[in-house]
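Each remark here refers to the structure printed beneath this line.
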Amino acid sequence: MERNSPGGTGPVHVPLGHIVANEKWRGSQLAQELQGKVKLTFEEGLPLADFYLSSRSCILYVTEADLVAGHGYRKRLVRVRNSGHLQGIVIVEKTQISDQYFSAVQKFTVLDLGMVLLPVANQLEASCLIIQLVQEQTREPSRNPFLRKKRCTLSSELSLVQTVQQIPGVGKVKAPLLLQKFPTIQQLSNASIQELQEVVGHAVAQQIHTFFTQPR
């Protein structure tokens, strides 16, 4: 695959409808589930990410083992965020073993770096999610600019709702209500208890405020 800069750090050229995957994923359950459903190509020494959906978007996969091992995965996330040419989507394995570490990675990814985070239970679930992301990119865009904008932002909006659902006391019902009034994580994190309780009541408002203000 072509790269736009020397040293393997520039954008990776990805044909429409393809996924370029790091060679380390060859033979994995995730790769096996993707093959036959999307056009999958493997490459050694990919810069920065695990999977490239396009020259501008990539996926960083944080496994259960990565979380248990410590904070080593954070360097990769920071490099993608600082690259300037990549939109990184972070997929994290949230299992019974890694659940105790999930809050920390969620705060670091979403609040500190401002990146999209999508939790999955296993590689099978991750493959379904990646296929959906590829299908959204290859779908013929509508002539209606409003529909086109909605389609392009669907995955990021979905990930935002899922992230807000992870806040203690929020869940599936209150997350959309909060995002109607506070459309971004930054606005939600800066909201006062008084503003929050107008949407979710005092008890949950206190939980949300504590979640964003407690030391990380």
Side-chain angles (χ1 to χ4, degrees), residues 53-54 56-60 62 67 73-74 77-78 80-84 86-95 98-121 125-126 128-130 132-137 139 141-216:
L53 306 181
S54 72
R56 295 184 178 180
S57 63
C58 66
I59 290 174
L60 297 103
V62 181
L67 292 180
Y73 64 88
R74 294 189 175 192
L77 272 60
V78 171
V80 168
R81 199 279 306 269
N82 293 340
S83 67
L86 279 174
Q87 177 188 6
I89 300 171
V90 183
I91 294 181
V92 179
E93 288 184 358
K94 185 181 180 184
T95 66
S98 66
D99 185 64
Q100 60 183 308
Y101 308 100
F102 183 77
S103 178
V105 67
Q106 181 184 45
K107 290 179 182 179
F108 179 74
T109 303
V110 179
L111 302 182
D112 294 347
L113 301 184
M115 298 174 71
V116 173
L117 181 146
L118 300 172
V120 296
E125 187 174 316
C128 296
L129 181 59
I130 294 173
Q132 180 184 356
L133 292 172
V134 173
Q135 290 174 343
E136 287 179 8
Q137 292 196 62
R139 199 174 295 151
S142 168
R143 293 182 179 180
N144 186 318
F146 296 102
L147 292 179
R148 182 163 62 248
K149 180 180 179 182
K150 180 178 180 181
R151 183 171 295 157
C152 293
T153 58
L154 178 61
S155 60
S156 61
E157 290 176 354
L158 175 62
S159 68
L160 183 60
V161 172
Q162 291 176 331
T163 297
V164 174
Q165 287 176 8
Q166 304 300 320
I167 299 174
V170 177
K172 295 181 179 180
V173 176
K174 295 183 176 67
L177 297 176
L178 284 166
L179 288 171
Q180 286 180 10
K181 185 167 184 179
F182 311 103
T184 68
I185 290 292
Q186 183 178 8
Q187 289 176 310
L188 183 59
S189 63
N190 290 334
S192 66
I193 294 179
Q194 290 74 17
E195 291 173 322
L196 292 167
Q197 70 181 11
E198 292 177 5
V199 182
V200 294
H202 181 75
V204 176
Q206 184 66 59
Q207 286 181 287
I208 296 170
H209 188 263
T210 300
F211 176 81
F212 284 114
T213 57
Q214 65 185 3
R216 284 179 263 148

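Just so you know, residue 1 is the first one in the sequence shown, and it goes up from there.
Note that CZ of Phe102 is 9.0 Å distant from CG of Leu67, once rounded to the nearest 0.5 Å. Note that NZ of Lys94 and CG of Asp99 are 5.0 Å apart. Values are rounded to the nearest 0.5 Å. For the atom pair CG of Leu188 and CD of Glu195, the computed distance is 10.5 Å after rounding to the nearest 0.5 Å. We find the CD1-CD distance between Ile193 and Gln207 to be 11.5 Å, quoted to the nearest 0.5 Å. Going from atom CG of Leu178 over to atom CD1 of Ile167 covers 7.0 Å, rounded to the nearest 0.5 Å. How far CG of Leu60 is from CG of Leu117: 10.5 Å, rounded to the nearest 0.5 Å.
Side-chain contact between Val204 and Val199 is absent, with no heavy-atom pair separated by less than 4.5 Å. Annotation: side chain of Val105 is in contact with side chain of Tyr73 (closest heavy-atom distance under 4.5 Å).
Gln197 pairs by the side chain to side chain donor-acceptor pair (under 3.5 Å) definition with His202, not counting sequence neighbours.
Put simply, the side chain of Ser189 never gets that close to the backbone of Phe212: no donor and acceptor are under 3.5 Å apart.
Minimum heavy-atom separation, Thr95 to Ala121: CG2-O, 3.4 Å. The minimum heavy-atom distance between Ser98 and Glu93, with the atom names listed, is OG-O, 2.7 Å. Between Leu196 and Ala205, the shortest heavy-atom contact is CB-CB, 3.6 Å. In terms of heavy atoms, Ser57 sits closest to Leu86 at N-CD2, 4.1 Å.
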Are Phe211 and Val170 close enough, and set up right, to give a side-chain contact (heavy atoms from CB on, under 4.5 Å), and what steps lead you there? CA-CA 11 Å; Phe211 176 81; Val170 177; over 6 Å; no
Using side-chain contact (heavy atoms from CB on, under 4.5 Å), reason through Val80 and Val90 one step at a time and then give a plain yes or no. CA-CA 10 Å; Val80 168; Val90 183; over 6 Å; no
